[in-house]
Amino acid sequence: MNKTIYSWLTFLFVGTVFAQGLEEFPITEQWLSKIESLAPSAPRIPAETKKILVFSQHTGFYHWTIPHNDEMLKILGRKSGAFEVIIAHDIDSFDKKNLKQYDAVILNNSNPAGPKRDLFWDLLKKNTTLNDNTIAKMAAEYEKNLMDYVAKGGGLMILHGAITVQNNSKEFSRLVGGSFDYHPKQQEMHLKEVNPNHPMVQAFKGKGFTHVDEPYFFNNAYSDYNFRPLLYIEADKLEGVKKEVTDNTIYVSWIKRHGKGRVFYSSPSHNAQSMNHPELLQFFLDGMQYVVGDLKCDDSPIGKP
């Protein structure tokens, strides 16, 4: 084969693989042992063991790292002794009585399908024979159950694509701090701390965090900045930005209060390879401690500039 053509085909292949993201890999005993060794051995804040529900169901885009996140969260809880982690996939998890059992809920890349972008509607449509009017009513009730749960003091941690759970709901957008707009291709990004002295980013030691992920852009409630940002990326350092950017600083992780409850969002969580960094595991554990109320810190909203 002509050397020039071969080089060009190789370039196209490598570029395609990179654009699609890092390669999926299975969960093995070796991988579990590695995460176990990298995970924090104790929580940052000593506290009684809390019970956390991890909801790992999806109806839209499937993130292959969902089961890896399940195992990682179980390891964080078990090794630190801070959490009992329960994995769930059933929509009944959002019944009022069931939610009361837990100190916090983690939405693990729970992407719904389009165009409704309503995970509860999707699950009811997929798993029941109810008519659409009944499904719409029940889906709204499940959304309200979750929002009321947080408002009354429950914690909510959202990993990556799970910010789309109710992506067309303005109320849910205000709860979580924004809605998903779009993302350019996966690429290496350097995430920076908004305030290196904030307790929630101590894991990064002022050096930020570099990994391969999807750079998320947000809309709806995001523009209100009703949260305390933790990590950001710079739009002018990204490839494939599709829309005009009015603010070069794009926040990709934040915390916020909602009523008596607490919310933590982390866009980093698309590839399981990111878990090879112990600082990210510490960041997740700190986020878990924040949403259950153990880690106290400034979570006041910065508001519109």
Practice task
Report the C-alpha separation of H190 and I233 in whole Å, then their side-chain angles, then the decisive distance to 0.1 Å, and conclude whether the side chain to side chain contact (heavy atoms under 4.5 Å, CB included) test is met.
Solution key: CA-CA 7 Å; H190 181 62; I233 52 179; over 6 Å; no
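Ion pairing between a basic and an acidic side chain is recognised when a charged N comes within 4.0 Å of a carboxylate O; K207 and E279 show no such pairing. Looking at E141 and K144, no side-chain N of the basic residue comes within less than 4.0 Å of a carboxylate O on the acidic one, giving no salt bridge. Salt bridge absent: E84 and R78 never bring a charged side-chain N and a carboxylate O closer than 4.0 Å. Salt-bridge formation is not detected for the pair D294/R44: no Lys NZ or Arg NE/NH1/NH2 atom is positioned less than 4.0 Å from an Asp or Glu carboxylate oxygen. D224 and K304 are joined by a salt bridge, as a carboxylate oxygen and a charged side-chain nitrogen come within less than 4.0 angstrom of each other.
Using the six-membered ring where Trp is involved, F180 and H183 have ring planes that are tilted, between 30° and 60° apart. Taking the six-membered ring for Trp and thresholds of 30 and 60 degrees, Y142 and F94 have ring planes more than 60 degrees apart, a perpendicular arrangement.
Between Y290 and F283, the distance separating the two ring centers is not shorter than 6.0 angstrom. A distance below 6.0 Å separates the ring centres of H160 and H63. Under the 6.0 Å cut-off for aromatic ring centres, F264 and F284 do not qualify, their centroids lying 6.0 Å or more apart.
In this structure, the separation between CG on D247 and OH on Y232 is 11.0 Å, given to the nearest 0.5 Å. With rounding to the nearest 0.5 angstrom, the NZ atom of K74 is 13.5 Å from the CD1 atom of I35. Rounded to the nearest 0.5 Å, atoms CG (N111) and OG1 (T164) are 4.0 Å apart. Rounding to the nearest 0.5 Å gives a distance of 11.5 Å between CG of L76 and CD of E71.
Listed here is the closest heavy atom pair of G178 and V176: O-CG2, 3.1 Å.
By the 6.0 Å and 45° rule, K51 stacks over the aromatic ring of Y102.
The side-chain heavy atoms of R228 and K256, taken from C-beta on, include no pair separated by under 4.5 Å.
Defined by atom type and a distance below 3.5 Å, a donor-acceptor pair is missing between the side-chain atoms of N168 and D118.
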